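Scroll down for the structure; my scribbles are underneath it.
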Amino acid sequence: MPRVSVLMSAYNAMPYLPAAVESILAQTYTAFEFVIIDDGSTDETLDYLKSLNDPRIRLIEQPNAGLAAALNTGLAACGGEYVARMDADDVSMPERIATQVAYLDRHRSVGCVGTQTVPFGDTRVGANLKLPTTHRAIYDALLAGQHGLVHPSVMFRAEAARQIGGYWPMRVLAEDSDFFLRLADVTQLACVDQVLYQMRFHMASLNGSGMLRMRRSVAYASDRTLRRKARLPEITFEQFVAEREAAPLWRRIPEAIDAHARAHYRASVADLCGGRPLVGYARLAWAAACVP
């Protein structure tokens with residue numbers, strides 16, 4: 001059994017899926033299995049995946065259940081000591097897996113390592129996101145609701161992921177934040193200070209209402225962590241949202257403005273990387289004006 005399992009979930013991932021798959025199959029580290037979960041796609045995704053002829057690929061089909069459920073299905077099927085995440089519309093640099101395997105081999109206290117990441121689109125690649133690299137800085141960023149790691153760039157020890165029970169089963173938008181914060185209960189987090197992953201930004205990214213739900217999901221992941229550490233009873237995501245909705249207007253308005261600004265920032269990156277610089281800079285200026 002290969003030491004590394006690459007885990008990807010795909011849902012209606014065309015036309016970007018082939019580039020993502022090819023970037024894994026072209027890795028300099030070749031001794032891996034590639035576990036791909038088709039999460040009930042209704043476009044040409046499944047046809048493409050079935051056309052692939054590489055013995056390292058293991059294709060699993062399931063009805064659409066969302067990313068977290070698909071990843072748990074895949075995690076149960078992964079046989080490798082290390083599991084490398086990959087998204088179906090992104091690109092991994094050729095040395096990514098080799099670099100992360102070497103890092104985990106050298107640092108036995110680290111159970112999850114990401115890489116520096118750049119956004120990209122149809123016409124250009126953006127600047128390094130400059131993520132934190134040490135456990136303390138990554139953990140503090142995650143707890144504050146900021147980017148600590150780029151989820152599809154990480155490689156983690158399968159044993160540690162199973163120790164914490166995998167991904168949360170709730171169909172919300174921040175399964176990665178909760179996953180990393182729970183991993184930090186049992187192991188160290190790190191990030192290779194080298195750009196080895198390209199994350200695609202496109203106009204299918206979150207809109208304002210989707211971003212608000214995303215931000216509340218991230219905040220809920222932090223709330224779960226704080227409650228866990230204080231040995232307080234956990235509340236459901238619905239209860240958490242209800243508390244936010246019941247908050248005074250002066251507390252809800254900044255939250256809504258922040259989500260609006262973040263949605264425009266994501267759209268601006270998609271525009272800038274997709275050949276629409278004027279629109280992109282206009283969106284970026286508006287996002288900055290909303291949250292100076």
Side-chain angles (χ1 to χ4, degrees), residues 7 9 65-76 78 81-83 85 103-104 107-114 131-191 210-256 258-259 262:
L7 175 57
S9 171
L67 179 59
L71 294 180
N72 282 333
T73 297
L75 186 59
C78 288
E81 174 187 358
Y82 301 150
V83 177
R85 277 282 292 112
Y103 188 95
L104 291 177
H107 301 85
R108 302 305 301 177
S109 64
V110 173
C112 178
V113 59
L131 300 166
T133 59
T134 65
H135 174 80
R136 185 76 255 172
I138 293 169
Y139 183 80
D140 288 346
L142 290 167
L143 202 58
Q146 302 167 359
H147 279 301
L149 293 167
V150 169
H151 181 209
S153 82
V154 302
M155 178 180 288
F156 53 84
R157 299 182 192 274
E159 180 182 359
R162 293 181 180 122
Q163 183 179 347
I164 64 169
Y167 292 87
W168 64 10
M170 294 163 286
R171 197 161 180 165
V172 294
L173 298 174
E175 64 284 320
D176 55 339
S177 295
D178 176 79
F179 182 70
F180 294 144
L181 287 167
R182 285 187 294 114
L183 271 181
D185 289 343
V186 300
T187 189
Q188 297 281 300
L189 310 176
C191 181
M211 180 59 74
L212 180 59
R213 182 173 174 81
M214 165 68 85
R215 295 306 300 165
R216 285 178 171 174
S217 299
V218 170
Y220 177 60
S222 297
D223 182 78
R224 289 187 82 198
T225 300
L226 295 173
R227 287 175 177 273
R228 188 166 62 249
K229 289 188 174 300
R231 301 185 181 277
L232 295 174
E234 185 177 318
I235 63 174
T236 67
F237 180 65
E238 290 73 21
Q239 290 172 317
F240 181 79
V241 170
E243 288 182 0
R244 289 293 179 101
E245 294 288 355
L249 186 63
W250 62 268
R251 289 184 60 185
R252 285 185 282 122
I253 287 177
E255 180 186 46
D258 177 74
R262 288 175 182 271

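The figures here come from the full heavy-atom set of this structure, side chains too, leaving out hydrogens, waters and symmetry mates. Quick note: residue numbers are just sequence positions, from 1. Please read these numbers as outputs of a predicted model, since none were measured by experiment.
- By the 6.0 Å contact criterion, CZ on Arg108 is enclosed, its count of non-hydrogen atoms from other residues, nucleotides or ligands being greater than 12.
- In terms of modelled atom types and a separation under 3.5 Å, the side chain of Arg157 and the main chain of Val110 share a donor-acceptor contact.
- With contacts defined as side-chain heavy-atom distances shorter than 4.5 Å, the pair Tyr103/Met155 does not qualify.
- Arg85 places no side-chain N or O within donor-acceptor distance of the main-chain N or O of Val150, the cut-off being under 3.5 Å.
- Between Gly166 and Phe179, the shortest heavy-atom distance links the atoms O-CD1, 3.8 Å.
- Here the closest heavy-atom approach between residue Cys112 and residue Val154 is recorded as SG-CB, 3.9 Å.
- Between the NE2 atom in His147 and the OG atom in Ser177 there is a gap of 8.5 Å [rounded to 0.5 Å].
- Pairing each heavy atom of Leu71 with each of Ser9, the nearest pair is CD2-CB, 4.2 Å.
- Here the straight-line distance linking atom CG of Leu149 with atom CG of Leu131 works out to 7.0 Å at 0.5 Å rounding.
- Residue Leu104 holds its CG atom at 11.0 Å from CZ of Phe156, rounded to the nearest 0.5 Å.
- Summarising the geometry of Ala141 relative to Pro132, their closest heavy-atom pair is CB-CG, 4.4 Å, with the distance given to 0.1 Å.
- The number of heavy-atom neighbours closer than 6.0 Å to CD of Glu243, taken from other residues, nucleotides and ligands shown, is above 12.
- From Leu181, atom CG reaches atom CG of Leu226 across 9.0 Å, with rounding to the nearest 0.5 Å.
- Using modelled atom types, no side-chain atom of Arg182 and backbone atom of Thr225 make a donor-acceptor pair closer than 3.5 Å.
- The aromatic rings of Phe180 and His151 sit perpendicular, their planes meeting at an angle over 60°, well past the 30° parallel limit.
- Remark: the backbone N or O of Tyr167 is paired with a side-chain donor or acceptor of Asn72 at under 3.5 angstrom.
- With hydrogens and angles ignored, the 3.5 Å screen pairs a side-chain donor or acceptor of His135 with a backbone N or O of Leu189.
- In this structure a side-chain-to-backbone donor-acceptor pair under 3.5 Å is missing from Thr133 to Cys191.
- Taking the six-membered ring where the residue is Trp, Tyr220 and Phe240 present tilted rings, their angle falling between 30° and 60°.
- Distance alone, capped at 3.5 Å, is enough to place a donor-acceptor pair between the Arg162 side chain and the Leu75 backbone.
- What you find for Gly145 and Arg215 is that their closest heavy atoms are O-NH2, 2.8 Å.
- With Arg244 contributing its side chain and Arg252 its backbone, the two residues share no donor-acceptor pair below 3.5 Å.
- Separating the CD atom in Glu234 from the CZ atom in Arg228 is a distance of 8.0 Å, to the nearest 0.5 Å.
- Leu249 and Pro254 get closest at one heavy-atom pair: O-CD, 4.4 Å.
- Expressed to the nearest 0.5 Å, how far OG1 of Thr134 lies from CG of Asp140 amounts to 8.5 Å.
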